[in-house]
Amino acid sequence: MYKIIPVKPFDLILLGATGDLAMRQIFPALYRRFQVGQLPPGSRLVGAARSQLSTSRFRQCVRDAIRTHVLAEMQDHQSIGDFLKMVDYARLDATSSEDWKSLSAYVDPGRVTALYLSVRPGIFKNIITSLKEHRIVHDKFRIVVEKPFGFDLRSARQLNAALSAVFQESQIFRIDHYLGKETVQNLMALRFANVLFEPLWNSQYVDHVQITVAETLGVKGRGEYYQRAGALRDMVQNHLMQLLCLVAMEPPSRYLPDAVRDEKLKVIRALDTVQYDHIVRGQYIAGTETASFADDVNTPDSKTESFIALKCQVRNWRWAGTPFYMRTGKRMRCRMSEIAVVFRDPPHSIFGSKSVLKGNVLAIRLQPNEGIDMRLTIKEPGPGGMRLIDVPLDMSFARTLAVGSENLTNAYERLIMDVVRGDQTLFMRSDEVEAAWAWTDKVVETWNEHNLQPISYFPGSSGPDDSLMLLHRDNRRWREIVC
Ligand code: BG6
């Protein structure tokens, strides 16, 4: 099943190596790539953080992370041991010149060095300056930047300016892990490798598009960050915006980084300012066993949204008149992410007025059970006349491709290997990030002008009722959030 594109030995230096993302996602992803033979011998994986740790202690932490976050059937005692031999630890206090000098010993200009920043954004600039001062950067050097990429347009511009003072754009990899998800890439394959959909992919045939990213978790443990960010900045500015771009963009001439990113950028720039009555903010209250958002962020009078729903318009020839509805929230009924393209109703029914014909729906499921589902109307089998029913034409990737969903490459595995290969197709370019922030800032301005406060919703629900109204007013309804 696996097709591996070989890479030459490389060095990956991970700053923030003792943090949650490193342990939950990055090291488990690297281990999986090692296991399938994609980390060539001689590669080095160097964790760097402020804690004073020996390499053997750090390796133990990585071992525990693999034990916890890699599926049991994918773990193998021998291969974990071999993998850990590649792992090293370097203490790094970003303000210490001595520490930077020691770290530079791991940099070999003859091969790829990927420096992964999994640290709080406050120290990005400090790090970038130190890299320059200590002459650590070389031609094959790549920098990987995790979100949040700024807090608004101003801070994103400052960050881009700081990066471009030291790096070429081709060396900067701004991660949005949604772009690494299997189904997200499949959306491009579906649209541009089949002739079936593209002729219908416009406002003449598509009634509207729904993008939902619902999560069951709250924000406990990330309170400080989340109280400042909220759902709009945390999820919409990046993940949902990228999904919208992939649905709405024109076909790029080639599957090449700039060709794809040029088209995404045009979509973001074509997005209209969202009207105030097309924004619904929500905040979860306490449940029987869960704390309220205000308690989770430790701010009793918090006005931050843990849920947001928006109605957006892409002002171009293809999409004029087809709204894109987006919603995302924490502590919702289920963990479910999908893009649903809802087609218009057939213009006329030959089956008489009793048979109400419904528009087809193409749903692209990101999680759980990644796949594509198309709803078609057919005749109900058996006697009794021409009775019509709605049935799914379901394609679960795991089932159709006969792979366990655990074997579908996860986003971080794919994105880290893309960094090593130098392929930026699934990473955001500076102008894209800035355009997304420019649009986001206007949403914030609008809700401030109209004093839109978050509306309470129950944990385990689909968000505030007002978000249902957003579609009801247009004679439409959200698809159900089902597990
Ligand atoms: C992160 C957000 O970028 O994405 C989190 O900061 C969110 O708040 C997460 O929970 C969702 O990612 P996934 O892959 O679990 O859908």
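Each ligand, and each atom within it, is numbered from 1 in the order the structure gives.
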### Task
Kindly confirm or rule out a cation-pi arrangement of R59 over Y89, judged by NZ or CZ under 6.0 Å from the six-membered ring centre and within 45° of its axis?
no
### Task
Go through the structure and list residues passing side chain to side chain contact (heavy atoms under 4.5 Å, CB included) with A259, not counting sequence neighbours.
P252, S253, L256
### Message
Please list all pairs meeting ring pair (Phe, Tyr, Trp, His ring centres under 6.0 Å) that have one or both residues in residues 271-299, counting only residues at least two apart or in different chains.
### Response
Y226-F293, Y276-H450, Y284-F293
Pick out the protein N or O atoms lying less than 3.5 Å from any N or O of ligand 1, and list each pair with its distance.
unit_1, atom_1, unit_2, atom_2, d
ligand 1, 3 (O), K147, NZ, 2.8
ligand 1, 3 (O), H239, NE2, 2.7
ligand 1, 4 (O), H239, NE2, 3.4
ligand 1, 6 (O), K147, NZ, 2.8
ligand 1, 6 (O), R222, NH2, 2.8
ligand 1, 6 (O), D234, OD1, 2.6
ligand 1, 6 (O), D234, OD2, 3.4
ligand 1, 8 (O), R222, NH1, 2.7
ligand 1, 8 (O), D234, OD2, 2.6
ligand 1, 8 (O), K330, NZ, 2.6
ligand 1, 10 (O), E215, OE1, 2.5
ligand 1, 10 (O), E215, OE2, 3.3
ligand 1, 10 (O), K330, NZ, 3.0
ligand 1, 12 (O), H177, NE2, 3.1
ligand 1, 14 (O), H177, NE2, 2.7
ligand 1, 14 (O), K181, NZ, 2.7
ligand 1, 15 (O), R335, NH2, 2.9
ligand 1, 16 (O), Y178, OH, 2.5
ligand 1, 16 (O), Q367, NE2, 2.8

### Query
Of all residues at least two apart in sequence or in a different chain, which pass the side chain to side chain contact (heavy atoms under 4.5 Å, CB included) check with S130?
W100, N126, H134
### Cation-pi check, R476 onto Y325 ring (under 6.0 Å, within 45° of axis)
no
### Message
With side-chain hydrogen bond (donor to acceptor under 3.5 Å, both in side chains) as the test, pick out the partner of E432 among Q242, R174, R269.
### Response
Q242
